[in-house]
Protein chains: 2
Amino acid sequence: MGELGDPTPAPRVRKRVASIQDVAERASVSIATVSRAVNKPHLVSVETAERVRIAIEELGYRPNRFAQVLMTQRSGLLGVALPDIHGEFYSEILRGADAEARRLGFQILVSASPAHPGEGEEAGGGLGPALGLVDGLAIMVTEPDERLLDTLRNLDVPLVVLDAHLGLGSDVVFVDQEPGSREAMRHLLELTPPQDCFFVGGPQSNFDAQARAKVFDEELRRAGHAPRPDQVTFREYSMSWGERWAHETLGVRGLRRIAVFAGNDDIAIGIMREAQALGLIVPRDLRVIGFDGSTLAGLVRPGVSTVRVPRDDLGRCAVRALVARVQNPDDDVVSLRLPTSLLLRESSGPHE
Amino acid sequence: MGELGDPTPAPRVRKRVASIQDVAERASVSIATVSRAVNKPHLVSVETAERVRIAIEELGYRPNRFAQVLMTQRSGLLGVALPDIHGEFYSEILRGADAEARRLGFQILVSASPAHPGEGEEAGGGLGPALGLVDGLAIMVTEPDERLLDTLRNLDVPLVVLDAHLGLGSDVVFVDQEPGSREAMRHLLELTPPQDCFFVGGPQSNFDAQARAKVFDEELRRAGHAPRPDQVTFREYSMSWGERWAHETLGVRGLRRIAVFAGNDDIAIGIMREAQALGLIVPRDLRVIGFDGSTLAGLVRPGVSTVRVPRDDLGRCAVRALVARVQNPDDDVVSLRLPTSLLLRESSGPHE
DNA sequence: TCCCGCCGTGAAAGCGATTACGTCTTGGTC
DNA sequence: GACCAAGACGTAATCGCTTTCACGGCGGGA
């Protein structure tokens, strides 16, 4: 039961600082007038306003936000819960979110929710007790998680879901994996027969990974080939997984002239590096397309073709939607789709 | 004066949710007892505690954090103000800070302070009105800024300064540029005469840039050469600045067999890319060492030697120091130094 | 038997703001 | 000259919680 309590009991810390009372006395008015002078200046006479202004100045008064918030029930804080805050991907979502929030007069409370909140931990998207401090929550959920869903259902603040359709009636902002993925696959299939195409994905439980794999599957069938099990693998979003896969496939199995649709750029780069280490030439022996449009993909040699994801738009739109809902709870629920598109570089070979 | 007001006046939003009152009634006790049952369970009888527990459960009660915070004057929020939240550098500081905060039961409020807060904007390190919500502030300041200093002096919460000595009597956590820089310079000077060494830095006003330039200067003199003006340049931390510099120096001026100490890895990589585009061989025609220990530096070919900066330690230690101060305001002021060290790769040539 | 102290509890005083409501001037209208 | 609306301001309720203090009951030592 103690879990409901104060996070860190400790002696008080804040210095004694001027309150609205002090200002009121110094300006010889009531606290109500001070409040009005500050928030609704048109309700007080100019002389009074000036007296109050001076008193505030002299006392260095700043309204106690806690008290304000207790009255107004609005903190100006927005929770943004991401699976992780590390890496270019999340970092840019965050940047977009932060910029937009700032523009709208809000502040962001980030939370890197541990991918699988351990037993005993509250879910709540990782914002522990701070969940109670936000005016709204934007949460990105990449995997199904019943406990989390439950928490989200019981939330008493507006919610925006990023990148997943959870079936709770909240607003949703998502990047549509499909157009980019399909472009990528069609491009690969132009030069490579479907039986030589591979999908090397992230964690299988991951929504995005599934969406990308689905397109892979569809396009192969569309090209008249039902994918073999070895053509689709899942593991994790990392360079080392790419390297391992390449080692296995290009090294051990010795395959050549294949095309790979990688789950993200890290994987793609891992694959390419291993291929190069094996003495292969990209894109001659191996064509590869990544996903995310990371900076890195453009810096390695050869440049890695990739599916561009509007990362900061994602953050930006999420916050915009959230603020809209916070301010207008009764607006219609929106579902915002951000498209992806293929960005061609050398790694996937010639294109015309 | 309106600036003191609510960030976004708007109708109330939160659903009506069970208060401590409701719980008290349902459990047939006073609100005092409910509060005790929740926060100091040892002060109530087990039977009462149980009744309260059940009532809470049934009502789905969660204490109103705003009210709690108003009483206790502790929000469990820590402000972390960085010049930017983008890029690996800040991203990792943030990650360290977040992890540590979470461990200590706090939550982080990030703020990407605009480098130069425009006129009219409050300084406050970018956390606008939210500054009033945090229990403490960790701020990284990279450039001198009187207005900011002033705000910081008048702060009524504990402060920790990152990476700069501002002379306000606050705790400081900083990475010591020197050891790594010195190592780097000595390494360069082993194979390259001082008159052929260059420093290509970030913004001149930047503290770090100055510190690194200082070591460059010292080591050159130590090697018996007073640096010419053209050997030290400042601009910005970006790849394109590196490219421009290299274009100028290697392309236009046509210098060869020079050694560059770059202000950070981005610059170093930019220089290297331009050099390669010019058909030069690194490290034969150009030796270069970067700064930051970024991932990217290890991924390009040839690998870029760099000065490793303990980024997440920086965030972690800052938060640790801040929490310490929040909880023990009267502890001695600490100044924590995090060392840097050289990480050798191919770009700076052979070393033995 | 009496007294003291402890334990469990409730009543009430804040914390620092916002705001509904009421009072008192003023000045304009008829 | 009476009436009324508008303007300026004060009183007090309220937000939801924590915490001090006082009180009643009960058990143990003298």
Side-chain angles (χ1 to χ4, degrees), chain A residues 2 4-7 9-25 27-52 56 59 61-76 129 132-133 156, chain B residues 2 4-7 9-25 27-52 56 59 61-76 129 132-133 156:
Chain A
L4 295 167
D6 201 28
R12 309 212 173 167
V13 154
R14 303 181 107 81
K15 302 180 202 160
R16 162 77 181 142
V17 49
S19 81
I20 198 174
Q21 265 295 355
D22 305 322
V23 177
E25 280 163 23
S28 316
V29 295
S30 73
I31 61 170
T33 300
V34 175
S35 176
R36 277 189 289 253
V38 170
N39 301 309
K40 320 239 166 88
H42 58 281
L43 289 183
V44 303
S45 71
V46 288
E47 301 82 21
T48 312
E50 181 63 7
R51 284 223 313 286
V52 171
I56 288 183
L59 262 40
Y61 164 76
R62 263 164 359 221
N64 181 318
R65 294 278 297 136
F66 298 141
Q68 276 186 323
V69 152
L70 176 58
M71 275 303 299
T72 59
Q73 302 292 322
R74 312 281 262 73
S75 65
L133 293 174
D156 49 359
Chain B
L4 295 167
D6 200 28
R12 308 211 174 168
V13 156
R14 303 181 107 81
K15 303 178 201 164
R16 161 75 181 145
V17 47
S19 83
I20 199 174
Q21 264 296 354
D22 306 321
V23 177
E25 280 164 23
S28 316
V29 294
S30 72
I31 61 169
T33 300
V34 174
S35 176
R36 276 188 289 252
V38 170
N39 300 310
K40 320 238 166 89
H42 58 280
L43 288 184
V44 304
S45 69
V46 286
E47 301 82 21
T48 311
E50 180 62 8
R51 285 223 311 288
V52 171
I56 288 182
L59 263 40
Y61 165 77
R62 262 158 7 215
N64 181 319
R65 295 279 297 137
F66 299 140
Q68 275 187 323
V69 152
L70 177 57
M71 274 305 297
T72 58
Q73 301 291 326
R74 311 282 260 75
S75 66
L133 293 174
D156 48 0

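For the numbers below, each heavy atom of this structure counts, side chains included, while hydrogens, waters and symmetry mates do not. Below, chains carry the letters A, B, ... as their sequence lines are ordered, and counting in each starts from 1. Just so it is clear, the model here is predicted, and its values are computed rather than measured.
- Taking side-chain N and O atoms only, B/Q68 has no distance below 4.0 Å to OP1 or OP2 of D/dG16.
- By the 4.5 Å heavy-atom criterion applied to side chains, B/V44 and B/V52 are not counted as neighbours.
- Atom P of nucleotide C/dC15 and atom CD1 of B/I20 are separated by 18 Å, given to the nearest angstrom.
- As a whole-Å value, the separation of B/I31 CD1 from D/dT18 C1' is 9 Å.
- In this structure, the CD atom of A/Q73 is 14 Å from the C1' atom of C/dT19, given to the nearest Å.
- The side chain of A/R36 lies closest to C/dA20, out of D/dT18, C/dA17, C/dA20.
- With contacts defined as side-chain heavy-atom distances shorter than 4.5 Å, the pair B/Q73/A/N64 qualifies.
- Nearest to the side chain of A/T33, among D/dT11, D/dC9, C/dG8, sits D/dC9.
- Counting non-hydrogen atoms under 4.0 angstrom, A/S45 reaches the backbone sugars and phosphates but no base.
- When each of D/dT19, C/dT19, D/dT11 is scored by its nearest atom to the side-chain atoms of A/S30, the top-ranked nucleotide is D/dT11.
- B/M71 places its CE atom 10 Å from the P atom of C/dG16, with the value rounded to the nearest Å.
- Minimum interatomic distance between A/D156 and B/R62 (heavy atoms only, all atoms of both residues): OD1-NH2, 3.4 Å.
- Each of A/A32 and A/L43 was assigned the nucleotide of DNA chain D with the nearest heavy atom; the assignment lying further toward the 5' end belongs to A/L43.
- Comparing D/dG16, D/dC9, C/dA17 by their closest approach to the side chain of A/T48 singles out D/dC9.
- Minimum atom distance to the side chain of B/N64 is reached by D/dG16, of the listed C/dT19, D/dG16, C/dG16.
- The nearest pair of heavy atoms linking A/R65 to A/S75 is NH2-O, 3.0 Å.
- Put simply, CG on B/N39 is 16 Å from P on C/dT9, counting in whole angstrom units.
- For D/dT19, one of the phosphate oxygens OP1 or OP2 lies less than 4.0 angstrom from a side-chain nitrogen or oxygen of B/K40.
- The distance between atom CD of A/Q21 and atom P of C/dT18, rounded to the nearest whole Å, is 13 Å.
- Side-chain polar atoms of A/E47 and A/S45 form a donor-acceptor pair below 3.5 angstrom.
- Between the CD atom of B/E50 and the P atom of C/dT9 there is a distance of 13 Å, given to the nearest Å.
- One atom, CG of A/L70, and another, P of D/dG16, lie 7 Å apart when rounded to the nearest Å.
- Between B/S35 and D/dT18 there is a side-chain N or O to OP1 or OP2 distance below 4.0 Å.
- As judged by a 4.0 angstrom heavy-atom cut-off over every strand, A/V29 is placed among residues touching the sugar-phosphate backbone only.
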